[in-house]
Each structure stands twice: as C-alpha cells, then as structure tokens.
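Quick note on labels: first sequence line is chain A, next is B, and so on, each numbered from 1. The structure presented is a predicted model; accordingly, all values stated were derived computationally and were not measured. Reckoned from all heavy atoms, side chains included, excluding hydrogens, waters and symmetry mates.
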Amino acid sequence: MINRYCILAFLVLITFFTAKGQSSIKGRVVDEKTQKGIAGATIKADHSLVLAKTDSEGAFVFSLKTYDTVWISSVGYKAKKLAIKREQKNVLVSLMPESVMIEEVQISTGYYSLPKERATGSFDFIDRKTLQRNTSSAILDRLEDIAPSLQFDKRKIGQMNSDNNRTAMRLRGTNTIYADGSPLIILDNFPYDGDINGLNPNDIESITVLKDAAATSIWGARASNGVIVLTSKKGKRDQPLTVSLNAVNSFSPRPDLTYGKDFINAKDYIDLEKVFFEKGIYDARYSDASKSPLSPVVTWLYQHRNNKISDTDLDQRLRSAAQIDLRDEAKRYLYRSSFLQQYNVNMRGGSSDLSYFFSGGWDGQRLHDIGNSQKRTTFSSSVSYYPISQLKFDFGYGFIANNNVANTVDFRNFDYLYPYMSLKQEDGNAPVLRDYNLEYVAEAPTSGLLDWNYRPLDELNLQSKRSGMNENRWSLAINYGIVKGIRLSLNLQSLMASTNYRNLEKKDAYYVRNLVNRYTQADGSRVFPYGDILSQSRQQLTSKSGRLQLDVDRQFGSHRVVFLSGMEQREVVTKLDDYTLYGYNDELLTSQMILDYTKVYPLRPQSSGRIPFPMSTLKENIDRYLSYYANLGYDWKSKYLLSGSVRWDASNLFGVNTNQKGIPLWSVGLAWNMGDENFFKNDVVQQLKWRVSYGKNGNIDRSMTAYPTVSYSVNSSTNLQQALVTSPGNQNLRWEKVATLNVGMDFRIKGKFRGSVDYYRKKSDDLIGIDLIDPTVYYGGSQAKLKRNYAKMETAGMDLTLGYGEIGSRIKWSNEFWLSKTSNRVTDYYGDNTITVMGYTTGMDKRPIKDKSLDALYSLPWFGLDHTTGNPLVINDGVRNTEYTKYINSLSMNDLVNHGSSVPIWTGAWRNNFRWKDLTLSFNIAFKLGYYFRRNSVEYSLLMTNGKGMHEDYLNRWKQAGDEAVTNVPSNPFANIANRDIVYTQSEILAEKGDHIRLRDIRLDYSLSKLLHNRFKIKDLSIYGYLNNVGILWRKNKLGLDPDYPSASYYLSPRIFSLGIKMSY
Amino acid sequence: MKARNTLTLLFVFFSILMQGCKKEWLEIRSSKGLVIPSTLVDAEAILNRTSIMNASRASPLGDIAAGDFVVPPSYWSSLVPWQANAYLWRDEVFIDNVGLENWGNFYQQIYYANLALDILSKNDKTTDTNKFNNIRGRALFFRSWAYFQLAQVYCMSYSEQNKSKRGLPLREGTDLDVKLDRSTLEQTYMLVKTDLEEAVSLLDKNSENIYQPNKKSALMMLARVNLIMQDYKEALVHSDEAIKIDGTLLDYNKLNLSLAYPFKENNTEVIFYASMSYAQIISDTRIDVNAELLKTYEDNDLRKKGFFNLKNGIYNFKGSYIGSGVYFAGLAKDELYLIRSESYLRTGDADKSLADLNHLLINRYSDFQPIKDLPNAELLKRILLERRKELLLRCIAWSDLKRLNLDKETARTITRSVEGSTYILEPNSERYAMPIPKAVVDLGKYEQN
C-alpha cells in the first residue's frame, strides 16, 4: 500500500515539473573517458517513452514536445538527466562508464563515508555484485569466504547436546576471553539490535568491513572485535525509475546421514549386545524399580532366558532386526530435500529534489527436517527529500515478519539409540525406547494408564512449535548545510522487535501422556490434567538511538580538512515474559491450573514428587549508552593523509568510576600516497599507498554488573528476610581495551593488478578474566577469586588481498585472492585453580593459560594398547599400566599434549571469474590451514548404558594379542571401567589436522540484455545458476571428515543448487 | 560573521545536550531481575544474613593458641597445618590457601557492613529515622565486631608503647579496586571505638532476636574493647550502663547440668549471638581440657559439671552457650559482670568489685559463701581466674593473655610439648600477633607480622 501511494506521489511530482513546448533537438552522446560516440544509447522522455536512439557515431535527433527533461542511458553507462531548452543544436552529452564508477569505492563507517583512496585505515569493501553471488537468505552467510580475515567458527555446530548451535564470527582472530568476540554489526548509521539474519540481503547495497583502529575507533567501547557496516540500498537523485526483480529457487537433496561415523551396523551391534547380555551388564537395570530402559534386543534376550519366547522366535526377531538401519529409516521418515524460494522486487529512482527506494521480499523455506519450515516477508523503504539545496530529509521504514515452525524430531537427541530402531511398522508408526523398559510400557493400558509408547513419527503432528518475529524500523535524518562545507545532522532511529514462541504439546503427545501416567495414583485417579500443555513466551526489544553530528569539510588551497564531531545516545530495552498452561484446551481457550503443587504424590514407576510448578518468568533489561566522538581527517594534496579519532563512552553497564574517569578511546592514522609523488610517478605502478595506524578500542562483557547484586531468602533461625551477596559488582568494571597497530600498503599496477598487504598486532588489556583477589577487599567464601578486568592477550596476523582485472580478449578472466593469518596468545592470566587438568581437554569452552593460545587443543598423551587385554595404557610412576583413575588424578598441565590451534591460522579464498560474451562463470576456492580438531570414536561406557557412543571404529577395535600394532581402538572391556574411555577419547591419537581446500561455490550467469535490448523496455535480464558447498578438493585427514563439522552426525553442509532470474526495467 | 554566529549557536546546543541528561540517565540499573541492593529493606536483609554475620564465623585461632587444652602427639600430627602450627605459635601458620577463612570471614562481615552503610548513605534518613538509625547502628556494630576480633588474632595487644605498631588494613567501602595498607594499632582501635560509640547512640535497647545487635550489645562490646585497651574508666561506664538495662544472670543451680548440652542457645545471659568456626583441634568431642585449669574448678563449682564431660579419661567441653558442639563466641552478661568487677577494682572501688564478683559466683556455685575481705591484689587474681574459667573457649582467652602480659604481675609464660620438644611463648613475644595468611600478604602486598 505504502509503495503504491509513494509511486503515485512521485508520478504527480514528475508531471508537475514538466512544461510545454515543441522543437527539434540535435546532439551527440559520448563516453566521458574516451570521448568516443556511444552507439545505441536511448533518449527517453520518462521510463517508458523512447524518443530517439543514437547512431553508430553517437549522434541523435528528436523533436521535443512537452518535455523539458530527458533521460539518456546506455548499457554499461550511468544514466544521465538532461534539461532541454528550446531549439538546441550540438548538445554534447557525456556518459560515465559504470566500470569506471565502480573503481570509486565509497567506504562507510556508519558515521561518515569517504573514498577508499583517502582512508588511512584498513577497510574491506564488498560491493553489491559480490554480495549477490551467493543466494543464501541470510546476509552474513554471504560473507563466508568472501570477506578477508572474517572467520566463521563452526566448532560447536552439530555436536550432540550442544547448547550453542551457533556459528561464531571472528574478524582478525579473537582478542577477548569471556566477552563476546563477534564483530559489531551496523546497519546504516546505528548498531543493529534485531536479528541480523532476518534482513533481506537484496536490500543491502554494500558492506564495509572495518578492521584496524583507524577504521573502527569511532565506534569506541564496542569496536575491538572489528565492525561490519551494512549499507542499505537507497534511491539516487536524477535517476529514472528502475524496477528490479529477483527470483531464486534453491534446492538441496536429503542430508547424508552416513557422513557421521558414529554408528555401528545393526548386525554387529546385536552381537555386541548379546555379549554384554551374557556378561550380565544389563542385569542390574533389568527389573529395577525405576524400570530402566533396555533395548529391544536385550529385552528379547531376557524374555528368551525366562522362557517367554522360543529359540526360533528369538532367532527370527534378531534376524529381522539385523536388517534395519536407523539411518535409512531416519532419512526416509525424518528428513527430506530442502527447498528455498526467494522473491524480491524493488524500485528506485529520483527527481531533482526527491529520491526513493522501495523493496519487498518474500522467502519461504522447507527445511531438511520434516516438520520445520520458515517464512519471511520483508519490506524496506527510504525516501530522501531536498526541500532546499542545503537541507535534506531522510525517512526510512522497514519491517520483517518471520514465521518459523520447528516440529522436527531429531533422532540424534533420543535418549536411547540402537541401530535397528525402526520408525514405521505395518500398522503405523513404530514406538521406540525412551524412559522405561518396553515390558513396563506395554503393560500400561492394562493397568488403566494411557498408552505410554513414544512414537517419534506421531510426535511430528502432536506438537506445534511455532515462533513469529515482527520487526519494525523507523529512521529519520535531517541534514542541514549551515555554510559551505559545514553540515549539521540529526539522526534518529527506532527499532521494535517482538518475538513470540508458542509451544503446544497436544494431549496425546508423549510429553503429556508421560506426565499423566507418572502422576496417576494407585486408585487410577489422574492428578495431572490430561489436556494440552501450552507454553508461550514473548520477547520484546525496543531500541532507540539518536545522534547529533557536525561535519566540516573545507579545502584551503592544498590543505583539506574533514572534521566531524557529535554525541550519541542509545537505549535498548528487552523484555521477556513466558508462562505455561496445563490442561489447555485450544478450542475453548481454557486451562486447568488449580492443582495442589505442594502435595507430594507417589509417582510411577517409582519415587514421589510434586507436580512441577509451571514456571513463569519476567525479565527486563535496560542498556543505555552515551557517547561523544570526534574524527579529524587532514590531507595535503591528497598525498599525505592524517586521521585521528576519539570517542568517550559511558553506559549503565559500567560502574560509576569508569563513567566518571572518561578515558577516551582513540586512534591515529597516517597514509602516504607515494604513487602520486613526482619522483615516483610512472605508468606501471599507478598507485602505491603506505598506511600506518594505531589506536585503542573497547569491548563489553555484558554478563558483569557494576553494582553488587543480592539474592533473597528467608532465614530459618530468625524467619526474617535475608540477603546473600551473589556478586560484589565492580564499580571499576570497564570495557576491555585493545590496542591495534596496523601497517599496510595498497597498490595498483598497470591499472588491472591491484592488492593490499596489512600486518597487524593487537594487544588486549583489561580483559575480563578470573582473578585472584585479596580476601581483605572481597571474600566470597573459601576461594579468593573474582572475574574482573586484568587479563591480557596478544593477537597478530596479516591480510593479503590481490586482484587482477579482466584479461584476455575472447574469454575475459578476472580474479580475487585473499589470504589471512591470525594467531593469538594469552599473555597475562593467573589461571583458575578450580578447573581440573582434564577440564582442558574436554569441551570447547575457553581454557585460558598464560603464554598459550586461547584456541589451543589439548590432549592426553597416548601410550598404546596393552598387549594382552587391548586396554589403553597410561603411565603411573614411570610404569605403563591401566590404573586410569590414579593417572587422571595425578595429571598436571605439563603432561598434556598441546597440538596447536583448534581454529585455522591461515584462511583464504581465490575467486575466479570468466566472461565470454554474455556468459559469466565464477567459482570460489577457499582454504583453511594450520589447525587441529578432535574426532569422535567409540565410547564403551555409553554403549553399555544408552547406545550412544557408537562409532565405526568399533569394528577396528583390538580383538586379539598383536592387534595393538595395527589399531589404536581399545578392546571391548565388557565392563564399565571408570575413566577408561576418557584416556582414549581425549587422547592425542584422535586429534587430526584440519587443513583443507574446498570448492565453495560455482555460479553461472547468462545475460539476455543484449538479446532483448530495448525490447520490452527491459534494461537488464539475466538468468543464473548457483551451486553452493560444492565439495572438498583436498583434506589432510584420511578419514573423509569435513574439518568444519568433525563431530556432526550428518553432513551439515550439503550442496545447494539454485536457479534464479534477475530483471530490471 | 554569520558562520561564526551559527557555530556559537551550535556550540551552545551541543553543550546543553551534553549536560542535559547524563547522570541520572546512566544510573538506571541494567537488569530488573537482579536485585541491586538499594533500599533500607535491602540493607537490613544483608545484615540479617546470619550465616555470614553471626554463625560459625569467629576464628578459633586465639583459643587454639591460648591453649587451655592439651593435644596428644599422635593427634597433633594429623591436624590441618594451620591448626597444628597455631598451637605451637609457629612463625608460619598458613600453608597455601588453607585456613584463609580465619581472615576472609571477618572481612566478609566488614564487606556486608560496608555495603549496608553504602546503601544507607544513598537513602533518605528522614522517612523512617528510627529504622535508619537501627540499621546503621547494626552495620557499625558488625564492622567493629569484625575488626576487634581480627585485631585480637593478628595484632599485638593495645598499649601506649604498641600504639604505633602494625594494625589492620582498614576497609571502609565496597570498591574492589582499592589498595589497602596496614594501619597503626591506634587507628585500628580508634575505628572500632568510634564505630561502637556511634552504634550505642543509634541502636534501640532491644532487637528482634539475638542475631541482631542492639544497644546492650554495643555497650557491652564498648566495655570489652575498653577493657582490652586497659581504659578501665570507660569500661566501667559502659558495662555499668549495660547492666542497668538488663543484668539478669542464669542461676546454674536451677539448670540440669548433667545434660549433654546444659545451656540453651537463647538463654537469658546471651546478648548477642556469634559462634566460632569449626576447628578439628578443639572440636567438642576431641578436646582435652588442661588438667591444671580443671583443678581450679572447685567441687561446688557448678561449672565443673556444666562445662565438662569426662569421657575415656578426657575432659570434653560441653559448656557452649549455643547448646551444641558449636562454640559460643558472642556476648553474654556473665562477662559483663566480670568486666565491671575488674573495672571497679582497677578504678579503686574494691567493694563494688567484690559485690559484682560475688553476684556472679553465687549463680555459679552451689552453697556459695560470698568472698569477703580479700586484699586487692588477691581479688584481682581471683577476678582474672574467674574470667579464665567462665569465658573458656569464648574467643577471649587469647586477648586476656596478651593484655595481662603487659603487667609483670599478671603476665604468664605458656609452654607446649609436642613430640618431645618443648615450646615456650614468653610474655609480649612478637608471636602474639599471628602471621597473616600467606595468600592475603601475597595478593594485598601487606607487611607480614
């Protein structure tokens, strides 16, 4: 609706400015660079009516009727508006070739933008074309292997029971221990508080990555991880209306469930269970009071032993079970091919005093997991209005509406696994093992209980987990030129996002039936209501930002001064409330909440308990920031550039002391355009620029508080309210500081070969770390430790980018290459004596140790397998034996093997582009080098308890004396031996080198523009195909593992095929 | 010209913006879920945390060092280092971080008290002056209580000569980035005294329970501090005032002393509840009370039966006013009479002194014949002996030892024998100030004793 009105308004304006008259106009259209005539350029009255076309020399003639402005355009050139006076001859119109314009890279920091040539800092600029190569619906995904020195840390993805299934981003490595290490993301002018992946990538014009201090320090206390600035598309003045359409469909086949080696085929697994059964490993659990689950095979074995089933019956059952493969079942019933549709339309254009951009998009995605889907509708708009030449108003509005359904059943999260698990049987969906043994579950209906089976495929329809997100963004900017070169601007932005989660477990869902059954009393009465359970939560985020800024840009002879200064205020309020309703009826909207939550009931199958109280939470957070900043740029003849910036931050997260001290964060940068010096000027090296910058940025750990916090309880002796200090707060809590030195060089040789080299060193100070504290100052009981600002670390590395413009005559080849190195070292850390040595080998959590990398991968040393038993060996008092617990307890840090970094030290990509006539082929090759990961292997103790810990390595285990020479997989212990698994699974032999080269993607574009030129009023039309995640070209490990997902059960990076069409007129 | 005007205007505009909303705007707390203590209710609740302020917090170090008990060698070698070392007054007491609570527990109390005082300083006094005063009084009491206890363990006894010796690091706020130094002994005691004096003026006579200090506790504490500082005049004034408010004593004749624990937690003599943290070396089932001291309890002294439990030839202690194996370390009225009695005597009123002593003892003995006509020197000796007998394992013996050592007449040399060696602690030895835990000295860069 809004679009329509705006277009209407625009059209009215256009007609308003048109005048009457009729005369003949003659002229010529030339290329601004070469001054040669452009053939086939069109002269239009508006976007529809073609008045004339130029001939082969670029000459044109047309008769003017009622128009006084015309548009002159040609493919590959920037369109131009021309004001026509009566009776004109020899009009010369020069058009700027678009290829030349792209050279002029305008980088944006969110406070100001400037041509890259005038920058002293280290920036990477990613233009629209590069951004549009990838068809992912999430903007940040499109940066992977595109943006130099931006790493996507996927170590946590795909791990079972991983609570943090998120990709962490690192720009130029990491320089914090406990605070958030991901870069600050800016949309246009302000930090983006919403969900960045909700943005429509089609609305983004370009991305500027700010890397060094000179680039980022204007962002002060939040900039030490680097800054990524997204610049959204806008209309331009004096441009005809352009409508662009983009439609892409992407398809990805069913996931490969055989990728993960964490599986043992049914036949071998049944044999294994048989042996465990014979050894009596299940005896304790069989017929225990809690009705512990035992796999079907084990249950049959017991039934057979107790003469409940015959030999032939057992045999037959085992034979048929051996035919089943859970992965096949899951692939068939739980997964499917995924399908993503993206449609986008946008309009942009502008008159002399108005420019506008409107965009609407719709995405729909069917995910791999059956039961999961996502839908997104986006709208964004921006209108700029220039009532008088010095004054500019910008209005922006956008919304995002997201609807997600996540009803999937993930077999990897089942509590019990066995490879012969089937999900379907003749009479419908098959039950699988869950909380209790199968015999107990089978008896349920006879003892008056509800069906107690868990059927995963039923659950797909018995739960409804939906989330909806709505985000609204408004912005207003007023920009006023007071006198020449001095402008004052006011920017306001507001964002409101609300997310609703609705989780409905229908009354027949296992979750509900299990609760009802557990609380069914001996007399058959149901204490827990047999009805749906509804949980809803609502999260609301409101952010308001305001900025007042003064810009000065003056040229005094050869001196140019660019100065800006301003203040900024931001407030982010997040609210959360959630509740749960028992006995909910979705038709009548009633619930049964009046239950006795205090009474202790006997439970089935054993023990007793209260009805779980339906928790409701309320949370409210307010973050406020106040900043003052200034930035100065000075250059002399564009040869010598100097820049400096300071920023002072205060926040209610910090303590009073920090806010009052006001030590600013700052930077200085110097650059020398040596290429412009007379003594250097030559035709080969056209640009040679040296840069050096130094400065300090900050980072905030939001989990800390400046003020003491307490928790309340009732004192049992006095019956009075009492408070326990949970944290002493930290009045001096302050931002972590990172001092960055950057030395860089940019060059361009013969116009086509260009590149840059940057070396950087970051020294982080005041990092939040676990510190020992004088108990006189604060004593929290037994240990004198406290998290506070004191730790230090160093990060160093280099970035190299090289690019070669198009070469070749028929097939034109161009390419971009980048290479980044980064490594870090903790330089000051007291260590935390509460973490055991084993704590450094397990898990992915940060385990900082002084003088070691934060990303180091530690393992236990490996001493081989015992010759006679196949047990892994350990060393105790210099003797190899199998006393695991003693060994574990005697370990010291020096005993651990430090492999090296678990995050790639070297990363890079090589993007190639081949153009032949209207066909363009491009592909990107990415590599990651110099790091290690730990792979999975068999874990016997888990195998015995819940069937997890399966791994194909089981088949290669030690079986007989002598096997220790050919295998490192321990023998089957047939008993649960404490710490036996851990000395193997955490050992150095399971650490693998992660180095690999990957063909990231291939894209083929075919442009139909020339074919359709000037027909159907179409400016540009192309179709394209895109293949993402093509495959790994080379890897160091011999196991076929993708080092990005070493512990994933199924391949998380499947190929994605996309087909799209792009059109504009 | 126009440009300049505009710039001036701009400058003014900016300045206004900068001044406008800075302070209050940033002082909003960032999370509503977390309780950031700020109200009177919060301050009171912090001081109500009995597990920090009262229970099992007092250090047993003094009583371990004062040594009114014996430790068999076999048992001694199995002890935690700091207890074994303190028993022998070694130069090094604390190994690693073990035993840190003997310092930390007190400074935790001081932190809580300071936090409460911080909160009060940001609250309006006039809305509920009485409540405000009481909370402030309690906080001041707790702070001086902790400093006094610390000074007894880690500082030399207070005297004119010792005034400039090392005192404690005095912590008066809640700022975590503060660098503290050791004050002088005089500064330490002055802080304790002034805090208590203010507390006396603020507190109500009675409180809701014995965990909350009141005027009586503050007065008695002031009397105790002055006695330890040998300012007997002041000690007399305050103990007298306290007794006048309430001086009821327990009559041991009326108690069933054969019980496992004859005294109740909330008995009439208790003014303020505090208890000692557990130490294996003096635990009620292992402790063997010094035979020499035991001899001083006469047969008609009810305390002999009420305090001790003969088991396997060992005299265990059961006389805690907590009524369990946890040792009482708070304030009780029996001590108040002993303070007044001694103060009367030392300020020249022997009759009143004797009267006080008799009043106490009549409640402690069966068939007690009031003492008459005792020479002053003898009377003093008796008072001091009764102090030792009455206040056994109440965190006071070590302070008395130190104080009385200053006077040759009352000085005692104490000895220990463990594993064939004999250890002697001369009066006024530097070792009367115990070494501060090593972790504290390392982290806080304090001068060690």
Side chain to side chain contact (heavy atoms under 4.5 Å, CB included) test vs A:Thr776 passes for just one of B:Leu180, B:Val178, B:Ile110, B:Leu150, namely B:Leu180

Note: A:Ser717 and B:Tyr211 closest approach over all heavy atoms is CB-OH, 3.6 Å

Between B:Gly104 and A:Pro775, the two heavy atoms sitting closest are CA-CB, 4.4 Å

### Message
Does A:Lys484 have more than 12 heavy atoms from other residues, nucleotides or ligands lying within 6.0 Å of its NZ?
### Response
no

Rounded to the nearest 0.5 Å, the OG1 atom of B:Thr174 sits from the OH atom of A:Tyr707 at a distance of 11.0 Å

Counting the benzene-type ring for Trp, do A:Tyr778 and B:Tyr111 have ring centres under 6.0 Å apart?
yes

The interface call for B:Val41 against chain A, heavy-atom contacts under 4.5 Å, is both

B:Asp204 meets the side-chain contact (heavy atoms from CB on, under 4.5 Å) criterion, sequence neighbours left out, with B:Asn130, B:Asn134

### Query
Do the side chain of A:Gln721 and the main chain of B:Ala45 share a donor and acceptor less than 3.5 angstrom apart?
no

Side chain to side chain donor-acceptor pair (under 3.5 Å) filter on A:Arg222, not counting sequence neighbours, yields none

Checked A:Val573, A:Val777, A:Asn715 vs chain B; the most non-hydrogen pairs under 4.5 Å come from A:Val777

The interface call for B:Asn105 against chain A, heavy-atom contacts under 4.5 Å, is both

Under 4.5 Å to a heavy atom of chain A? For B:Glu265 that would be neither

Residues 320-328 of chain B vs chain A, non-hydrogen distance cutoff under 4.5 Å, contacting residues -> none

Residue set satisfying ring pair (Phe, Tyr, Trp, His ring centres under 6.0 Å) with B:Phe106, at least two apart, ordered chain then number -> none

So, the part of B:Ile52 with a heavy atom under 4.5 Å from chain A: the answer is side chain

Using a 3.5 Å distance criterion without hydrogens, assess whether the side chain of B:Tyr112 forms a donor-acceptor pair with backbone atoms of A:Val725.
yes

Under 3.5 Å, is there a donor-acceptor pair between the A:Asp774 and B:Tyr107 side chains? no

Applying a strict 4.5 Å limit to non-hydrogen atoms, the region of B:Asp42 in contact with chain A is both

Residues B:Glu208 and A:Leu720: closest non-hydrogen pair is OE1-CD2, 3.3 Å

Distance col, row B:Arg49:CZ vs A:Thr718:OG1, nearest 0.5 angstrom, shows 10.5 Å

Of all heavy-atom pairs linking B:Pro37 and A:Thr709, the shortest is CD-CA, 4.1 Å

- Item | B:Lys131, NZ: over 12 other non-hydrogen atoms inside 6.0 angstrom | yes

Honestly, the part of A:Tyr625 sitting under 4.5 Å from a heavy atom of chain B is backbone

